[in-house]
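In what follows, a structure is listed as structure tokens, so that the remarks can point back to it.
The residues of the chain are indexed from 1 along the displayed sequence. As a basis for the values below, the full set of heavy atoms in this structure was taken, side chains included, without hydrogen atoms, waters or symmetry mates. On a predicted model such as this, the values are computed, not experimentally measured, just so you know.
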Amino acid sequence: GKTHLLAALRRYALSHGLSFVLVDMTDVHDFWTTALQGYVDSLQQPEADGVPQFHKLLDFLIKETKVAFTREQLAQAERRHVGWYVNELLNALNKRHPREVIKHQDVIRALVLLNSDSFVVTNIGYSWLLGLGVDEQEGADFRFAFNRLADPSKIVEGLSWLLSLRAPTLLALDQLDSIVSQHYLAAGSRAVEDLSDEQRVSRSIIESISGGLLALRDKTARTLSLLSCLEATWDILSHIAVTPVRGRFHEPLLLGPILVRQAAEQIVAARLLEAYTQVNFVPPYAT
């Protein structure tokens, strides 16, 4: 039910001109690294018209700043000219948002590189956006102010700010249940000083998730954060580490059972159709 709900919310958000970011928390060890991966992956996902979200974001920035080139020209630019295009865009943005541009300039640089038709240039932008940094020569070529390993939370903050210029964002966090229950059981309920090394790691992971949820409101702009999980997962996250987490989120909205037969059939049929199609199987009935 949770996954179907998020799929419906994604369709709604994108059809209404909003941005949508999905963070898959299946194997989270560090909250902000996982959140950043979700942002970068979601920006590259195509919308209903087949255009990736970050292409539309760049189109918006270029249109709003009235620079004398298009996103397509940016993509086709030779490596030695990319720095000039980026500086033109930064100068134009700086006239409207000087404080934010000086803070997030490298996020903008990396996003422009990601747009390149050159795989090598695209990979440089992708690596920087994931917080992996770039080597000294690449940093100099593309005029990065900071080319070493970057703080994932600051990159998330920069991407969220850029997205906020175009539209509000729906940020959905999914697949938390198994990882939280696994580490909660491993950590136990004893005092920290009585935990084994493995249990301390598990406790720190849960605290990282709770702390990340607490910080989302401060790190994101024009963003509605939606946590999709079981009630037990929410109870663990909101009590084990940082109590104020509850103050940053509305009370949970609980999904009830499906009471209409046709609705249940449609959900099951939609889930099976893709798999049937992949193996060229025609079932005797849709469910």
Test your reading of the model: is there a side-chain donor-acceptor pair from [X] to the backbone of [Y], 3.5 Å cut-off?
{"X": "Gln53", "Y": "Phe20", "value": "yes"}
{"X": "Arg166", "Y": "Leu57", "value": "no"}
{"X": "Asp174", "Y": "Thr3", "value": "no"}
{"X": "Asp106", "Y": "Phe146", "value": "yes"}
{"X": "Arg143", "Y": "Val86", "value": "no"}

Taking all non-hydrogen atoms of both residues into account, name the closest pair between Ala77 and Tyr85 and its distance.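 Scanning both residues, the minimum pair turns out to be CB-CE1, 3.5 Å.
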To the nearest 0.5 Å, what is the distance between [atom1] on [X] and [atom2] on [Y]?
{"X": "Leu93", "Y": "Leu162", "atom1": "CG", "atom2": "CG", "result": "7.5 Å"}
{"X": "His55", "Y": "Leu74", "atom1": "NE2", "atom2": "CG", "result": "10.5 Å"}
{"X": "Leu163", "Y": "Thr169", "atom1": "CG", "atom2": "OG1", "result": "4.5 Å"}
{"X": "Ser19", "Y": "Arg10", "atom1": "OG", "atom2": "CZ", "result": "11.5 Å"}
{"X": "Leu61", "Y": "Leu58", "atom1": "CG", "atom2": "CG", "result": "6.0 Å"}
{"X": "Leu113", "Y": "Phe144", "atom1": "CG", "atom2": "CZ", "result": "5.0 Å"}

Cluster check Leu43, Leu22: I/L/V/M/F/W/Y, side chain < 4.5 angstrom: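 Different hydrophobic clusters.
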Cluster question for you: counting only ILVMFWY and a side-chain heavy-atom cut-off of under 4.5 Å, with indirect links fine, are Leu90 and Val67 together?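 Yes, same cluster.
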Assess whether side chain to side chain contact (heavy atoms under 4.5 Å, CB included) is satisfied between Gln44 and Leu114, documenting all intermediate values. CA-CA 9 Å; Gln44 295 177 90; Leu114 187 68; 4.2 Å; yes
Within the 6.0 Å centroid threshold, strictly below: His16 and Tyr12: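 Yes, the ring of His16 comes within the 6.0 Å limit of the ring of Tyr12, centre to centre.
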Do Trp234 and Phe249 have their ring centres less than 6.0 Å from each other?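 Close enough - the centres of the two rings lie under 6.0 Å apart.
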Apart from Val282 itself, which Ile, Leu, Val, Met, Phe, Trp or Tyr residues share its cluster (side-chain heavy atoms under 4.5 Å, direct or through members)?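 Reading the cluster by chain and number, Val282 sits alone, since nothing else belongs.
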Answer with yes or no whether the side chains of Asp141 and Gln137 bring together a donor and an acceptor at under 3.5 Å.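 A donor-acceptor contact under 3.5 Å links the two side chains.
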Please determine which of Leu214, Leu173, Val23 meets the side chain to side chain contact (heavy atoms under 4.5 Å, CB included) test together with Phe31.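 The residue from Leu214, Leu173, Val23 that satisfies side chain to side chain contact (heavy atoms under 4.5 Å, CB included) with Phe31 turns out to be Leu173.
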